[in-house]
Each structure stands twice: as C-alpha cells, then as structure tokens.
Amino acid sequence: MHRLLRRQLKKINYTKGDVLEKDFKIFLDLVEKAYRDDDEDREFLEHTLEVSSKEMHDLYEELEKKSRSKLAQSEARFRALAKHDTLTGISNRFSLEEELSRLISTSRRTKTQFALLFLDLDHFKNINDSLGHDFGDKLLKEVVNRVAPKLRKEDIFARLGGDEFVIVLTNIDETKLSIILEKIISLFRKHWEVDGHVLNISTSIGVVLYPKDGNEASELLKNADIAMYRAKELGRDKFSFFTQELNERIAYEIQLEEDMFHALKRAEFELHFQPKIEALSGKIVGAEALIRWNHPKFGFLLPHQFIELAEDHGYIIKIGEWVLSEANRVIKSINALNLSNEMHIAVNVSLKQLQVSEFYNIVQRALVGIKPSQLIIEITESVMAEDIDFALHLLQKIQKLGVKISMDDFGTGYSSLAYLTKLPIDSIKIDKSFVDEIPKDESNKKILIDTIIAMANTLDKCVIAEGVEHPYQRKYLQKKGCNYFQGYLFSKPIDEQNYMELLMKESL
Ligand code: C2E
Ligand code: CA
Ligand code: CA
C-alpha cells in the first residue's frame with residue numbers, strides 16, 4: 001500500500017501545509033482513504049508530510065472548506081454563462097436583463113408600456129427550513145409549472161434566485177393588468193401538493209410600469225423590489241404598485257439606517273424617564289427609561305420611528321448596551337442624592353438582545369456600583385414566541401444576579417399562564433389598551449383587566465398598569481389590587497435633569 005500512496009503523493013503539489021488548488025480533490029480522497037483503512041498508511045502519510053495527526057486533521061478541514069467554496073464559485077460562473085435557470089428552466093437573472101433591455105428599446109420606439117412584476121414567495125424560508133431544500137426546490141418547480149402556462153408567449157418569466165421571480169407583461173393597460181394580478185395571486189392561493197405534502201403558500205408582488213417607473217432594466221427591478229417590500233409590509237399575499245412616495249419613504253429609511261451607524265458615536269441618543277408610582281403611598285419608586293433620538297436633520301425621534309429599524313439592522317445590540325450603561329450612570333447619580341427610598345430604573349430590552357449570549361455580561365457591567373435590585377429589565381411577551389429555551393436560560397441567569405424582570409405589554413401577545421409560570425418574571429405590566437377599557441362610570445361590568453390582575457395576584461406577581469391617564473382609572477386599578485402606576489396622569493416621560501429635580505422636590 002505504501003508504494004501506491006507514495007506514487008499518488010508525488011503527483012500532488014504539496015508544500016508545507018498547502019496543496020495546489022487543482023489537487024485538492026485527489027489529496028482529500030487520499031487522506032480520507034489512508035485514515036479510514038490503514039493505520040500504517042496514516043503514519044506514513046504523516047511522516048512523509050511531516051505533520052502531526054492534529055495538523056493533518058486541520059489541514060484536511062481547511063482544504064475541504066476551500067474546495068467547497070471553489071465549487072460554489074465555479075457553479076456561479078456556470079450559472080452566469082447559462083441562459084436558463086438550472087432548476088426551473090425559465091430565464092435567469094442574466095438573460096432577464098438582456099431581454100428587458102431589448103424590450104425597452106422596442107417599447108421606446110413603439111411607445112407602448114409594459115408591466116414588470118416582482119414576486120417573492122411568503123415564508124418560503126420556513127418551508128425550506130422545515131421540509132428541506134430538496135423539497136423547496138420541488139415547490140419552486142411547481143410554481144413555474146403552474147404560472148408559466150398562464151402567460152402569453154411574448155411575456156417574460158424569470159427566476160432571479162431563491163424564491164424570487166419576475167414576470168414581464170408586455171403591451172398591457174391598467175385594467176387588464178389588475179385582472180391579471182388578481183389571477184396570479186389567486187393562482188398561488190390554491191393549495192399546493194408536493195411529495196404528498198399539502199401546503200398553503202402565497203406570494204407578494206411588487207409592480208412597476210415602463211416607462212412611468214423607470215427607463216432602465218436595473219431601475220425597474222429596483223423599484224419593483226421596493227414595491228414588493230411594501231406588499232410584504234401590508235401583510236403579504238398582496239400586490240403593491242411602486243409610487244414616488246414609497247420611494248421617498250424607503251429612501252428616508254435608508255438614510256436613517258445610515259445615520260444610525262454614527263448616532264451612538266455622536267451621542268445623539270438620550271434617555272427620558274417616566275416616573276413609576278406606588279399605588280398605596282402615591283410616591284415615586286423609580287422610572288422607566290425611554291429612548292429618544294436627537295436626529296441632526298429630522299429632529300427628535302420617538303422609538304416607534306427607529307427601534308424596528310435598529311432591530312432589523314442589528315444596531316439594537318449596541319444601542320441596548322448604551323441604554324443599560326446610561327441607566328447605570330443615572331442610577332448612580334440618583335443614589336448620590338441620598339433620597340430616603342431606593343430608586344430603580346426599568347430598561348426596555350428587545351428580543352434581539354436576548355438572542356446574544358454576550359447580553360449577560362452587558363447586564364453585569366450595568367450593575368457595577370449599584371444594587372442589582374435597582375435595575376429592572378422589561379421584556380415583551382413576543383420575546384417568548386421565539387426561541388423560548390435560550391431566552392429562558394439567559395433570563396434565569398440574569399435574575400440570579402438580583403435583577404428584576406418585568407413582562408411588558410402584558411395581554412397583547414402570546415401571553416397566557418403557561419408563559420407566566422415558566423418564565424422568571426417578577427412583575428407584569430398591563431398594556432395601556434386594557435387600562436383604556438376601564439369604564440368612566442362605576443358600572444359593575446367585568447372587564448379583562450380584572451382577570452389579569454387576579455391572575456397575577458394568584459401567581460404572586462407584582463402588577464403595574466401603564467398608560468394611566470385619568471383619576472377614575474387609578475381609582476379602579478387601586479380597588480382591584482394593582483401595585484404600581486405609570487402614565488400621563490402622574491407624568492409624561494421627562495429628561496434626566498427634570499427627573500432628578502422631580503425626585504428632589506418629592507423628597508423635601
Ligand atoms: P412601552 O415600553 O410600552 O413604553 C410605554 C410607552 O407609552 C412610551 O412611549 C410612553 O411614552 C407611552 N406612555 C406612557 N404613559 C402614557 C399615557 O398615559 N398615555 C399615552 N398615550 N402614552 C403613554 P415611547 O416612549 O414612545 O416608547 C414606545 C416604545 O418604544 C416602548 O413601549 C418600548 O417598547 C420601546 N422603547 C422605548 N425605549 C426603548 C429602548 O431603550 N430599547 C428598546 N428596545 N425599546 C424601547
Ligand atoms: Ca416598557
Ligand atoms: Ca408597554
């Protein structure tokens with residue numbers, strides 16, 4: 001065996017832990033065989049190449065990775081050369097661009113308009129994840145089988161990749177277009193049968209018109225993509241036309257996203273504080289920290305204008321870390337006031353932050369120099385919808401540090417007792433929408449909030465009501481056994497200086 005091995009080894013361009021690209025495959029096969037079959041071969045190989053078993057292992061892994069990405073590269077090159085999408089046989093991105101350019105020149109000459117539809121299947125990733133890629137591929141083929149026969153031969157049908165398709169309807173007016181759009185949407189709504197699985201899928205479609213929405217292939221595709229996102233936003237299973245306002249809004253979001261990158265460094269965020277009042281004493285026991293963004297161009301932005309964006313683009317991790325360190329700083333300055341009561345600050349934490357294990361260390365750092373009980377973490381119920389085990393574990397560890405955990409917006413989401421008993425929750429915050437239901441008159445009608453408070457009391461959880469705006473709401477909540485209030489009735493969120501002054505005034 002040695003001899004054969006030696007001969008093969010000679011053919012390979014091996015120098016000090018590296019192998020020429022063209023020999024990857026042979027080398028990998030050779031190593032694999034030697035290691036599988038024969039200890040002697042293995043020793044021989046390691047000896048000749050002057051590597052340890054560990055080094056050989058690493059080398060093998062590295063080369064394997066390289067050869068895999070090499071394969072991917074050449075596949076991409078191959079795809080670019082081929083005119084057709086290898087999976088479905090319809091046009092691919094490259095030929096679409098060609099065909100579009102041709103169509104644009106003729107339409108310009110003949111002064112006709114055409115429509116370009118950008119389709120993206122809804123929740124296709126879930127299907128791929130749960131039923132596998134092969135299954136996903138079959139479904140994509142089915143899509144083509146179902147849609148293609150409905151198109152005219154002068155239309156274009158292309159797959160851009162993944163679950164994105166483009167349909168170009170030539171020579172079309174608006175009335176005909178809406179009929180066809182409805183038809184395509186409902187084509188998807190009929191159930192799908194693939195490999196014995198019956199599925200419901202749907203598609204979101206963005207629509208642009210030539211020449212109104214763009215003069216070039218790339219512009220039309222870009223704008224159709226924007227319109228498609230709008231359709232997703234509107235709840236999927238819909239089509240949406242591109243408009244200039246939509247374009248401006250997206251441009252605004254892109255601008256915000258770019259600015260967000262610098263916002264922390266430029267100290268543009270600030271925390272405001274909304275006092276939390278104890279029901280029995282009517283005294284302030286702490287505050288909720290609410291973030292604001294002092295944007296240099298757009299002015300003072302509230303969380304609903306940027307938090308989602310921050311979550312989508314990953315900035316929320318750094319922003320959330322800043323919020324916690326600010327909370328720590330402010331708690332320390334409140335402690336320096338030497339008030340008679342210990343004050344806490346509650347911080348809102350988004351699901352994204354709980355998905356990063358580093359969050360634990362971030363919380364730990366936020367506890368330096370304060371009592372852990374002075375920090376409260378507010379999480380929303382939706383946190384629990386995803387990845388409950390990971391979040392659960394992290395929250396338990398954080399609770400062990402002595403930090404209190406509060407469930408925000410209670411009653412609006414996935415809620416329910418099951419979560420409450422499973423999760424390390426110290427208090428629940430009843431959502432404003434339930435507080436709004438409290439009747440003005442003293443009618444005895446039972447409302448949902450009664451049940452929520454009773455339930456929380458049974459489970460020994462502290463109850464906070466948020467969005468309390470009127471005295472009759474406070475009275476009602478107090479009667480039912482709610483422990484704390486927050487809302488405009490007592491104070492709006494105020495900046496740090498005003499909050500400190502309020503605390504000092506109260507302690508006089
Ligand atoms: P939330 O945690 O439910 O915060 C309560 C929101 O209700 C705040 O809005 C507050 O200003 C408002 N509010 C309080 N009392 C009343 C009232 O009596 N009437 C009315 N109409 N509104 C009241 P805000 O400051 O715009 O914050 C909105 C949301 O943004 C918060 O909802 C929270 O989910 C999120 N948020 C705020 N700061 C942060 C943060 O630092 N990190 C993260 N991840 N989210 C944050
Ligand atoms: Ca909150
Ligand atoms: Ca809330």
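Atoms within each ligand, like the ligands themselves, are counted from 1 in listed order.
In terms of modelled atom types and a separation under 3.5 Å, the side chain of K461 and the main chain of I425 share a donor-acceptor contact.
Aromatic ring orientation, W192 versus F188: tilted (interplanar angle from 30° to 60°). In this pair, Y315 and F261 present their aromatic rings perpendicular. The plane angle is above 60°, beyond the 30 to 60° band.
Those atoms of ligand 1 with a heavy atom of S350 less than 4.0 angstrom away are 44 (N). Counting the atoms of ligand 1 from 1 in the order shown, those under 4.0 Å from a heavy atom of G487 are 15 (N), 18 (O). The D409 neighbourhood of ligand 1 comprises atoms 3 (O), with distances under 4.0 Å to a heavy atom of that residue. Atom numbering of ligand 1 starts at 1 in the shown order; those under 4.0 Å from a heavy atom of E469 are 17 (C), 18 (O), 19 (N), 20 (C), 21 (N).
Residue contacts with ligand 1 for H304 are absent, since no atom lies close enough (heavy atoms, distance under 4.0 Å). Residue E466 touches ligand 1 through its side chain alone, judged by heavy-atom distances below 4.0 Å.
Under 3.5 Å, the side chains of H344 and E342 contain no donor-acceptor pair of N or O atoms. Using modelled atom types and a 3.5 Å distance limit, the side chains of T380 and D409 yield no donor-acceptor pair. Counted by atom type alone, D120 and S204 present zero donor-acceptor pairs between their side chains at under 3.5 Å.
Nearest to atom 45 (N) of ligand 1 by heavy-atom distance, out of I291, V468, N348, L271, is N348. The residue from P303, A289, P493 that puts a heavy atom closest to atom 30 (O) of ligand 1 is P303. Among V323, I319, T380, the residue whose heavy atom lies closest to atom 41 (O) of ligand 1 is V323.
Ligand 1 is never approached by H272 to a heavy-atom distance shorter than 4.0 Å. The shortest separation from a heavy atom of E311 to ligand 1 is not under 4.0 Å, leaving the residue out of contact. For the ligand labelled ligand 1, residue Q486 lies outside the 4.0 Å heavy-atom shell. The closest approach between a heavy atom of K492 and any atom of ligand 1 is not below 4.0 Å. Using a 4.0 Å heavy-atom cutoff, G320 is absent from the residues neighbouring ligand 1.
Remark: K492 qualifies as a cation-pi partner of Y488 under the 6.0 Å distance and 45° angle criteria applied to the six-membered ring.
Within E378, the N, O or S atom lying nearest to the Ca ion (ligand 2) carries the name OE1.
Contact check for L477 versus V463: no side-chain heavy atoms found under the 4.5 Å cut-off. Between M500 and I334 there is a side-chain heavy-atom pair separated by less than 4.5 Å.
Here N348 contributes OD1 and E288 contributes OE2, and at the Ca ion (ligand 2) these two atoms make an angle of 90°, given to 10°.
Of the residues listed (Q274, K276, H272, K429), the one engaging E288 in a side chain to side chain donor-acceptor pair (under 3.5 Å) is K429, and it is the only one.
When all heavy atoms are compared, the tightest approach of C482 to A279 is O-CB, 3.4 Å.
Distances from the Ca ion (ligand 2) show that D408 has an N/O/S atom below 3.0 Å.
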